[in-house]
Chemist: 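Can you keep this structure in mind? I'll have questions shortly.
Naming: A, B, ... by sequence-line order, numbering from 1 per chain.
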2 protein chains.
Amino acid sequence: MAPLLRPTYAVIAKTAGVSEATVSRVLNGDESVHPDRAQRVRDAVEELGYKKNRVASALASGRTGLIAVVIDDDLSVFSDPFWGTVTSGVSRVLQENGLHTVLMVAPVGALDGGVAHYLKSGEVDGAIFFVLHSDILVNHLKKQGLPLVITGTPHSNADIPFVDTDNFGGAYSATKHLMSQGCKKVAIITGDIGTTAAKQRLDGYLQAHRESGTLPSKSLICEGDYSFESGKAHAQKLLETHPDLDGVFASNDLMAMGAITVFENAGKSVPGQIRVVGFDDALIAQTSRPSLTTVRQDVVALGEAAGSLMIAQLNGQDFEPIILPTELVIRESA
Amino acid sequence: MAPLLRPTYAVIAKTAGVSEATVSRVLNGDESVHPDRAQRVRDAVEELGYKKNRVASALASGRTGLIAVVIDDDLSVFSDPFWGTVTSGVSRVLQENGLHTVLMVAPVGALDGGVAHYLKSGEVDGAIFFVLHSDILVNHLKKQGLPLVITGTPHSNADIPFVDTDNFGGAYSATKHLMSQGCKKVAIITGDIGTTAAKQRLDGYLQAHRESGTLPSKSLICEGDYSFESGKAHAQKLLETHPDLDGVFASNDLMAMGAITVFENAGKSVPGQIRVVGFDDALIAQTSRPSLTTVRQDVVALGEAAGSLMIAQLNGQDFEPIILPTELVIRESA
DNA sequence: CTGAAAGCGCTTACAG
DNA sequence: CTGAAAGCGCTTACAG
């Protein structure tokens with residue numbers, strides 16, 4: 001853009017009658033400047049409508065004020081509102097703290113990919129990842145000292161700050177709920193088991209069984225991939241192998257919907273003969289018929305937590321992983 | 001991050017045996033450099049794993065390599081996958097052209113809001129907006145020479161480059177389809193009529209009626225707001241005022257679903273007694289029962305088109321508004 | 001508490 | 001076709 005003539009430190013300094021160094025101090029919150037002079041600077045800034053040039057500031061200070069949000073192309077960014085929602089939560093928190101969000105939707109390959117290069121090139125002050133199938137890149141970046149936050153639980157134990165939903169607890173309570181409704185034979189359709197979330201939800205399902213003293217047979221544990229189609233396929237198979245099936249916990253709402261579709265087409269009523277619980281509380285959980293009983297996770301809060309964790313790191317504050325609670329939302333399907 | 005010692009022009013210049021100016025020329029694609037020397041520079045870059053410092057580059061050149069994607073907080077960024085999907089399309093195209101996407105989710109207020117300041121401060125080379133209720137800010141920025149692209153059709157005629165789906169054509173063909181299926185009385189549930197998309201879809205609906213020589217009564221035109229609830233509310237009202245209603249075109253899939261829910265609860269079968277067509281081809285269109293006949297728009301392509309239009313502008317190339325075609329997807333509901 | 005000065009790593013007229 | 005030099009607008013030791 002044809003840059004309007006914006007004032008610089010030089011003119012602020014002149015009208016305030018101080019040096020540029022002092023202007024810089026005031027604008028960066030250095031407490032040591034004499035209050036009177038600081039006020040003069042602020043007045044000049046106000047009067048001239050001055051806005052700091054962040055690029056120049058970045059070059060001089062080494063801090064860009066930019067945080068990358070990295071989304072793997074592989075993820076179903078398209079069609080799944082999850083990622084967009086998390087990202088908007090992140091963005092809002094960062095913005096409140098004077099930082100901006102650089103969105104990178106790209107294949108997050110190995111250490112020599114474009115994303116890796118960008119992140120290593122010092123053009124961002126930190127990066128927020130969504131949990132990946134591999135922690136290699138993340139561990140590498142961490143070693144280089146780049147502040148990182150992972151949304152989702154990392155695979156390895158490398159102490160990388162992360163935020164996540166209480167997947168285990170949510171799945172546990174969903175399964176418990178099915179049992180409390182009288183279900184004797186509860187299957188699970190897992191998400192992509194390469195993700196930690198899917199594993200944790202499976203663990204919650206198993207824990208509920210363990211506590212009730214009934215271990216589910218292998219064939220009740222179906223490896224899905226979070227897609228509507230996989231929900232349908234596994235429901236079909238379950239119908240054949242377990243005619244007495246009376247409960248299903250699906251690792252997300254979409255698979256739950258797929259399963260319900262199959263059950264009803266096969267003449268099994270939901271929740272009459274088979275109860276179904278999903279996970280997410282996506283829009284479809286409310287709009288479908290029967291409406292879906294599901295485990296709600298607060299996706300915006302997840303993004304905000306990720307942003308906060310990044311801020312804390314940049315400020316050198318202490319921080320712990322953040323695990324957000326879930327809530328079982330009971331509707332018609334179970 | 002503790003910046004690793006990255007090479008600078010100084011060391012590239014030295015190992016290639018040329019001046020820094022020459023390094024700059026080669027890296028910026030200046031054709032005038034002698035091929036041999038250019039090659040020496042490229043070799044040095046390769047050998048040293050050099051990556052240009054974009055911040056320094058930005059300060060010196062005035063170009064930041066950053067494009068803002070501005071999303072109004074008001075929009076249902078949360079829960080509606082539309083915005084995230086468009087944005088990922090934008091991001092991909094920009095990335096291929098060496099630009100990065102800065103995501104701003106914030107209240108896009110008047111000329112003195114934070115977003116306005118940021119965009120005016122020269123920290124981005126351009127901005128992509130989603131169509132707003134008002135064009136004021138956009139017109140203002142345009143006057144300042146900031147390259148802009150609008151996703152959606154602008155309200156005013158200010159010649160701002162935009163990309164949009166063929167809302168008129170999509171609605172027209174949806175309505176025609178209902179008529180061709182024998183519907184005699186077709187209502188419309190519009191989107192938020194403050195949006196140009198909602199108006200255009202209404203126009204398409206009206207045009208189809210005009211051509212068939214039957215103008216719909218006022219009470220068949222219901223002002224919705226794109227929400228599931230408004231779909232339900234208007235369907236309820238229609239049921240009371242028009243017992244002989246046999247077709248509904250809803251301006252998005254969510255409202256269509258709301259309407260179907262109400263119709264079926266009232267004992268009206270879809271499509272048996274009332275046919276319903278939606279708009280978007282969102283995920284729910286496929287997963288619902290009955291599955292939804294709808295107007296598909298290619299949301300990723302919309303984002304990519306917006307990105308391309310921005311690139312064209314930055315390169316000083318000619319460009320025209322881009323209107324993407326829609327496709328009527330026939331499923332069970334009509 | 002404050003200022004002069006060097007510097008961040010590129011880009012770009014300008015002169016040749 | 002090429003290089004020396006000034007400059008982009010901040011930040012930050014350093015010296016006082």
Side-chain angles (χ1 to χ4, degrees), chain A residues 1-42 44-45 48-66 98 120-125, chain B residues 1-42 44-45 48-66 98 120-125:
Chain A
M1 91 187 261
L4 325 187
L5 268 58
R6 300 207 290 138
T8 65
Y9 271 16
V11 8
I12 300 291
K14 196 174 209 173
T15 93
V18 301
S19 72
E20 294 189 27
T22 294
V23 173
S24 177
R25 290 187 186 106
V26 172
L27 265 48
N28 290 311
D30 186 329
E31 302 277 303
S32 67
V33 177
H34 186 95
D36 289 357
R37 322 186 93 233
Q39 193 53 51
R40 293 221 303 276
V41 170
R42 278 188 223 100
V45 164
L48 299 169
Y50 175 79
K51 288 283 286 175
K52 178 147 62 177
N53 179 322
R54 296 178 65 113
V55 169
S57 170
L59 179 57
S61 72
R63 280 171 268 110
T64 63
L66 262 28
K120 283 191 274 188
S121 72
E123 297 177 46
V124 294
D125 294 344
Chain B
M1 93 185 260
L4 325 187
L5 268 58
R6 301 206 293 137
T8 66
Y9 271 16
V11 6
I12 301 291
K14 196 173 208 173
T15 90
V18 300
S19 72
E20 294 189 28
T22 294
V23 173
S24 178
R25 290 187 185 106
V26 173
L27 264 48
N28 290 312
D30 185 330
E31 301 277 302
S32 67
V33 177
H34 186 93
D36 288 358
R37 322 185 91 232
Q39 193 53 51
R40 294 220 303 274
V41 170
R42 278 188 225 99
V45 164
L48 298 169
Y50 175 79
K51 288 283 286 174
K52 178 147 62 177
N53 178 322
R54 296 179 65 113
V55 169
S57 170
L59 179 57
S61 71
R63 280 171 267 110
T64 63
L66 261 27
K120 284 191 273 190
S121 73
E123 298 177 44
V124 294
D125 294 344

Chemist: Restricting to non-hydrogen atoms, name the atom on B:V124 and the atom on B:T64 that form the minimum distance, rounded to 0.1 Å.
Modeler: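 Minimum heavy-atom separation between B:V124 and B:T64: CA-OG1, 3.5 Å.
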
Chemist: What contact category does B:T22 fall into here, base, sugar-phosphate, or nothing, at under 4.0 angstrom with non-hydrogen atoms?
Modeler: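 Contact class for B:T22: sugar-phosphate only.
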
Chemist: Between which nucleotides of DNA chain D, 5' to 3', does chain B make heavy-atom contacts below 4.0 Å?
Modeler: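 Reading along DNA chain D, I get D:dC1 to D:dG9.
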
Chemist: Would you kindly compare B:S57 and A:L59 by the position of their nearest DNA chain C nucleotide and give the one closer to the 5′ end?
Modeler: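 The residue whose closest nucleotide sits nearer the 5' end is A:L59.
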
Chemist: For DNA chain D, what residues of residues 25-36 of chain A have any heavy atom nearer than 4.0 Å?
Modeler: A:R25, A:N28

Chemist: Can you run through DNA chain D from 5' to 3' and write each base as (, ), [, ], | or . depending on how it pairs? Watson-Crick or G-U wobble, both distances under 3.5 Å.
Modeler: |||.||||||||.|||

Chemist: Looking only at heavy atoms, which two atoms of A:P7 and A:L48 are closest? And how far apart?
Modeler: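 What the structure gives for the nearest pair is CG-O, 3.9 Å.
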
Chemist: Taking only residues at least two apart or on different chains, which pairs with a member in residues 16-27 of chain B satisfy side chain to side chain donor-acceptor pair (under 3.5 Å)?
Modeler: B:S19-B:T22, B:S24-B:N28

Chemist: Tell me every residue that passes side chain to side chain donor-acceptor pair (under 3.5 Å) with A:T15, counting only those two or more places apart in sequence or in another chain.
Modeler: none

Chemist: Work out which heavy atom in B:E123 is nearest to a heavy atom in A:K52; give both atom names and the distance.
Modeler: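 Between these two residues, the closest heavy atoms are OE2-O, 4.1 Å.
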
Chemist: Between B:L59 and A:A56, which heavy-atom pair has the shortest distance, and what is it?
Modeler: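 In terms of heavy atoms, the two residues are closest at CD1-CB, 3.7 Å.
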
Chemist: With rounding to the closest Å, how many angstrom separate the C1' atoms on D:dG16 and D:dT12?
Modeler: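 Approximately 16 Å lies between the C1' atom of D:dG16 and that of D:dT12.
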
Chemist: Answer whether the closest heavy-atom distance between the side chains of B:V26 and B:R42 falls below 4.5 Å.
Modeler: yes

Chemist: Have a look at B:S61 and say if it touches a base, only the backbone sugar-phosphate, or nothing, with a 4.0 Å heavy-atom cut-off.
Modeler: sugar-phosphate

Chemist: For B:G17 and B:A60, take the nucleotide of DNA chain D holding the closest heavy atom to each; which residue's nucleotide lies nearer the 5' end?
Modeler: B:G17

Chemist: Search all heavy atoms of B:V55 against all heavy atoms of A:A58 and return the closest pair with its distance.
Modeler: CG1-CB, 3.7 Å

Chemist: Could you state the interatomic distance from NE2 (B:H34) to CD (B:Q39), rounded to the nearest 0.5 Å?
Modeler: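 If I round to the nearest 0.5 Å, the distance is 11.0 Å.
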
Chemist: Return the set of residues passing side chain to side chain donor-acceptor pair (under 3.5 Å) with B:T8 (not counting sequence neighbours), or none when no residue passes.
Modeler: none

Chemist: Dump the intermediate steps for side chain to side chain contact (heavy atoms under 4.5 Å, CB included) on A:V33 and A:V18, then the final yes or no.
Modeler: CA-CA 11 Å; A:V33 177; A:V18 301; over 6 Å; no

